Amino acid sequence: MGEILNNMWIQLRNMQWSDYLDILVVAFLIYKVLPLFRSAGTLRILKGIVAVLLIAWLTEILDMYAMHYMVEQVMTVGLLALVILFAPELRRILDHLGNVKIGKFFGNEYSDQDMRAAIDQTVMACEQLSKEKVGALIVFARDNALEEYRKTGTEVDAQISDPLLRNIFFHNSPLHDGAVIVADGRIACAGCVLPLSANPRIPKELGTRHHAAVGMSEASDAVIVVVSEETGTISVAVGGMLKRHLAPQMLGRLLHNELMPDLSEKEENLALRLKQKLRKTVKGDGRDEK
């Protein structure tokens with residue numbers, strides 16, 4: 001153990017400033033790029049690659065020559081096989097990379113105050129739409145710009161507000177059947193067409209809006225809010241998962257955690273410190289009274 005630590009120390013002493021910069025840049029890019037590959041389709045590709053590598057290793061260890069030969073042939077044409085088998089998923093990954101805004105690698109392009117206001121207005125609108133049983137589908141874009149899906153709708157470019165969202169999803173509105181896409185804290189487009197999920201685990205009683213919400217969450221890193229037209233239930237789809245039966249307060253908290261995670265953590269830490277300080281103050285007052 002001591003020899004390993006000594007070798008590590010020698011390596012660190014021999015490193016130049018450019019080596020440290022190289023490591024920091026690579027780590028930063030990995031941190032920013034990895035969230036782009038959270039979709040279910042990407043996981044299928046990774047599972048397929050891991051399975052082939054594992055089979056190749058096991059057949060070699062167990063001296064299964066015939067099977068190992070077949071696996072080697074598969075690996076020889078593995079790249080072509082991946083392109084053919086996972087063409088839709090690969091296309092989505094390339095679309096994601098092409099749609100990522102360079103500015104987002106270096107932080108949000110909008111203020112926390114704007115996003116907080118957008119979340120509050122969305123929660124207010126969804127609460128009213130839920131009471132009136134008016135269907136709604138709202139997509140919050142994150143790192144993926146969703147240009148492919150924005151082209152299917154009507155450009156709006158307006159500030160999010162409770163009345164505007166309710167007017168868009170009003171039954172007689174020409175845009176009520178499609179989805180609203182929110183980018184940088186503003187309504188970018190309305191009446192957009194989203195991809196439908198083919199996940200067989202989605203409950204059969206859920207309609208097209210919920211399948212579109214899950215499909216969009218599988219194809220991107222977006223956060224999608226759904227209001228059911230039949231029941232008025234509020235749901236949120238993230239990463240291919242659907243969270244149902246959300247109260248307005250829970251919806252606001254979930255959106256806040258997903259869209260403003262850094263600020264949420266700061267607020268939780270601040271609240272914890274305030275509680276601890278309050279407890280100390282109360283205990284101190286109690287001792288003084290005695």
Side-chain angles (χ1 to χ4, degrees), residues 1-100 105 142-144 146 148 194-204 206 211 213-224 237-243 258 261:
M1 186 65 181
E3 185 179 353
I4 295 176
L5 293 176
N6 187 43
N7 291 335
M8 290 177 60
W9 174 245
I10 293 174
Q11 291 292 334
L12 289 173
R13 284 195 305 174
N14 293 333
M15 289 176 63
Q16 301 178 358
W17 68 269
S18 58
D19 298 321
Y20 291 105
L21 178 62
D22 188 24
I23 293 173
L24 288 174
V25 171
V26 171
F28 179 77
L29 290 177
I30 292 175
Y31 173 75
K32 286 293 185 180
V33 170
L34 278 181
L36 304 179
F37 302 96
R38 295 186 301 180
S39 66
T42 309
L43 292 178
R44 288 178 55 203
I45 297 177
L46 294 178
K47 288 178 181 178
I49 294 174
V50 171
V52 172
L53 294 176
L54 183 60
I55 292 173
W57 176 72
L58 287 175
T59 53
E60 184 178 5
I61 294 296
L62 299 175
D63 294 329
M64 301 171 63
Y65 301 109
M67 187 65 183
H68 186 67
Y69 174 79
M70 293 177 60
V71 175
E72 280 188 335
Q73 299 308 308
V74 170
M75 294 177 65
T76 302
V77 294
L79 181 60
L80 179 60
L82 283 175
V83 172
I84 295 174
L85 293 175
F86 301 104
E89 288 81 4
L90 290 172
R91 182 179 64 81
R92 288 173 182 171
I93 293 173
L94 293 176
D95 287 342
H96 295 173
L97 291 176
N99 288 333
V100 171
F105 279 103
R142 291 199 276 192
D143 289 332
N144 301 135
L146 310 180
E148 176 185 353
L194 305 184
L196 299 180
S197 174
N199 188 343
R201 296 181 180 179
I202 299 177
K204 294 182 180 180
L206 299 182
H211 281 78
V214 176
M216 186 78 260
S217 70
E218 292 172 344
S220 71
D221 65 342
V223 179
I224 303 94
V238 183
M241 302 295 292
L242 187 66
K243 301 177 182 180
E258 291 290 340

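Predicted model, so just to flag it, every value in this text is computed and none were measured. Side-chain atoms are counted along with the backbone in the values below, which use heavy atoms only and exclude waters and symmetry mates.
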Handout entry: Rounded distance (nearest 0.5 Å) linking atom CG of L196 with atom CD of E218
Key = 10.5 Å
Handout entry: Under 3.5 Å: donor-acceptor pair, side chain of R142, backbone of D221
Key = yes
Problem - Residue pair V238 / K243, side-chain heavy-atom distance below 4.5 Å - result: no
Handout entry: For the student: nearest non-hydrogen atoms of A213 and A237, plus distance
Key = O-CB, 3.6 Å
Exercise for the section: Side-chain contact test, heavy atoms from C-beta onward, threshold under 4.5 Å: evaluate it for I224 versus V214 and give yes or no. Expected result: no
Completion exercise
For I55, the side chain to side chain contact (heavy atoms under 4.5 Å, CB included) test, sequence neighbours excluded, returns T59, M67, V71
Completion exercise
Note: M241 and S217 closest approach over all heavy atoms is N-OG, 4.3 Å
Problem - Partner residues of P200 under the side chain to side chain contact (heavy atoms under 4.5 Å, CB included) criterion, sequence neighbours left out - result: none
Practice task
State which residues pass side chain to side chain contact (heavy atoms under 4.5 Å, CB included) with M70; sequence neighbours excluded, sorted by chain then number.
Solution key: none
Problem - Those residues that, when tested against I23, pass side chain to side chain contact (heavy atoms under 4.5 Å, CB included) (two or more places apart) - result: M15
Handout entry: Interatomic distance, L194 atom CG to E148 atom CD [nearest 0.5 angstrom]
Key = 10.5 Å
